[in-house]
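All chains are named by letter (A, B, ...) in the order of the sequence lines, taking the proteins before the strands, and each is independently numbered beginning at 1. We use all heavy atoms of the structure for the numbers below, so side chains are in, but hydrogens, waters and symmetry mates are not. Model, not experiment: these values are computed from the prediction.
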Amino acid sequence: MASDHLFVLPGETIDPALVPTHKKHPLRLGPGLRHIPPSDIVPTVAGQLITNPLKNSMWVEFNSQRYIPTTGDLVLATVTRNAPEAYLCSLSAYTPAATLPHLAFEGATKKTRPQLAPGQLVYARVALAHRHMDPELECVSAATGRADGLGPIAAGNGCVFDVSLGFARRLLMARSREDGGVGVLEMLAGQDPEVVVGGAGGGGGLAFETAVGRNGKVWVGSESAKTVVLVGRALQETDRARLGLEGQRRLVKRLLREMR
Amino acid sequence: MPREAEPSLNEKQFVLQALQENLRLDGRELDQYRPLDLSFGDQYGVADVTLGRTRVLAKATAEVTVPYADRPLDGIFTIATELSPMTSPAFEVNRPTETEVLLSRLLEKTVRRSGALDTESLCLVAGQKCWSVRVDVHVLSHDGNLIDASCLAVVAALRHFRKPDTSMDAGVLTVYTPAEREPVPLSWLHSPFCVTWSFFGDEADIAVLDATWLEEQVRVGSCTISLNKHGEICQIAKLGGTPVDAVALLQCTSVALTKVKEFSDLLDTKLAEDLKRRDKGGFMAELRAENER
């Protein structure tokens with residue numbers, strides 16, 4: 001991903017030289033940019049302007065608290081109630097209820113659909129998001145018919161921690177350590193050779209699993225409650241104090257020492 | 001009517017499971033408060049209390065009015081609490097929720113009914129003129145334990161507040177501006193603080209101080225104890241919920257006293273700091289109009 005680290009403000013004019021040009025692909029505008037015909041592109045939020053010449057796309061990377069659903073986002077939803085043909089889910093306290101059709105699960109038919117109780121946690125993908133309609137979720141890939149890791153998360157396992165939207169996006173990056181600057185999970189799991197705190201295997205060496213939702217929620221699951229609390233605290237503290245990799249390393253060391 | 005978003009089953013069960021192992025989601029001890037911060041505004045009578053992610057702002061004001069007909073010798077003292085939709089999407093303007101009613105009742109009982117402010121000293125002319133002191137409580141951010149934070153903010157605002165100086169001369173009441181005469185503090189008798197315990201578990205056997213919003217949603221009962229640093233209890237409110245063992249409540253009260261002493265010390269140091277900041281040139285002592293109590 002080639003990018004210029006340029007900071008833009010709402011309403012600012014963007015230098016036409018920065019707009020990527022590509023022979024085949026049409027230009028794609030991501031979050032935070034607005035096209036004003038015929039040819040103006042104006043940022044609507046303050047943040048970092050990022051352009052990708054390979055995909056001919058550009059967007060503004062910014063941090064916020066209020067989640068606005070976008071098609072294709074992976075989110076952690078909470079079932080609020082059962083409606084005919086669909087479950088109603090909440091993505092955050094402020095967003096309108098999202099619908100999760102009964103048949104949007106892997107191998108679900110009218111008779112074998114999963115029964116979800118109110119309060120059940122679901123890891124889902126936003127299938128449909130329109131400004132004037134309630135968003136729609138799915139737990140199955142429409143192309144392959146596979147769940148691909150999506151679906152209900154067993155009740156009584158792990159906990160959910162709230163983080164900012166920008167931090168959730170950084171966690172979800174394919175190379176979150178290099179591009180996003182978040183290595184806290186790897187350090188806790190003991191995959192960072194520089195974090196060594198006692199223990200036999202070196203490193204954190206904690207066993208846990210996570211599911212990151214773009215709606216600013218991270219689910220952390222583990223056998224031991226101590227591990228869940230520790231991972232959650234590490235994530236929230238990294239987000240709150242905007243720690244860099246070195247700061248994260250120090251934080252993880254401190255937390256691991258406290259735990260022993 | 002909007003409703004508060006319920007936490008998921010995982011969160012509810014995990015909070016309980018962790019508390020049974022003596023763990024809290026933010027790594028605190030069970031009887032530990034979140035980092036508490038108190039600051040005063042440029043004006044007299046503005047106090048801003050931050051308790052973790054909970055933030056409460058209180059502002060005290062005073063005006064001259066006519067006293068109530070049945071209490072001609074007393075001034076008027078009111079505490080106004082309003083939870084705005086900014087705090088949480090479940091709060092609406094002009095439609096008090098249960099939280100809001102309980103909060104204002106508790107503040108009323110703790111600060112007003114315990115006689116923390118001497119209302120007789122607010123009287124200017126018997127039956128004709130008196131001061132009306134009003135404290136507005138604004139909750140800016142709600143992450144649980146509003147009661148303790150608001151109570152601290154109200155007490156801090158009132159102790160920081162100065163009302164304009166007045167004089168009576170041949171039946172003429174004069175209210176002086178701050179430029180003419182230094183404003184005078186209220187006649188304050190004692191500083192009560194609230195300490196709220198939350199109870200968890202089927203038998204309510206886990207007692208936790210300073211619950212966050214998530215913990216408040218999961219708890220089976222709560223008990224608010226108001227007392228001052230001398231250990232004089234102003235009120236105890238245990239409104240419904242699972243019954244709690246009497247011996248456990250006694251234990252809670254003694255821990256509450258140590259916390260109240262900490263609050264009291266914090267408030268005293270912050271007030272002294274603020275006074276020092278305002279006292280440029282050291283003329284404050286000479287300008288003061290009131291007598292030592």
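- With a 4.5 Å cut-off on side-chain heavy atoms, B/E6 and A/T80 do not count as touching.
- The number of heavy atoms from other shown groups lying within 6.0 Å of CD1 (A/I68) does not exceed 12.
- For B/Q43, the CD atom sits in a loose shell: 12 or fewer heavy atoms of surrounding residues, nucleotides or ligands are nearer than 6.0 Å.
- Both the backbone and the side chain of B/L25 come within contact range of chain A, each with at least one heavy atom under 4.5 Å from a heavy atom of that chain.
- If you measure heavy-atom distances from B/E21 to chain A, the contacts under 4.5 Å come from the side chain alone.
- Within a 6.0 Å radius of CD in B/E29, other residues, nucleotides and ligands contribute 12 heavy atoms or fewer.
- Few gaps surround NZ on B/K12; more than 12 heavy atoms of other groups in view lie less than 6.0 Å from it.
- Nearest heavy-atom pair across B/L23 and A/A225 is CD1-C, 4.0 Å.
- The distance from the CH2 atom of A/W219 to the CZ atom of B/F14 is 11.0 Å, given to the nearest 0.5 Å.
- In A/E223, the CD atom is not crowded: 12 or fewer heavy atoms of neighbouring residues, nucleotides or ligands sit closer than 6.0 Å.
- Near-neighbour residues of residues 228-241 of chain A relative to chain B, defined by a heavy atom under 4.5 Å from a heavy atom of that chain, comprise A/V228, A/V229, A/R233.
- Atom CZ of B/R55 has 12 or fewer neighbouring heavy atoms from other residues, nucleotides or ligands inside a 6.0 Å radius.
- Contacts between residues 149-159 of chain A and chain B, counted as heavy-atom pairs separated by less than 4.5 Å, involve A/I153, A/A154, A/A155, A/G156, A/N157, A/G158, A/C159.
- Between chain B and the residues A/L121, A/T78, A/L76, the most heavy-atom pairs under 4.5 angstrom are made by A/L121.
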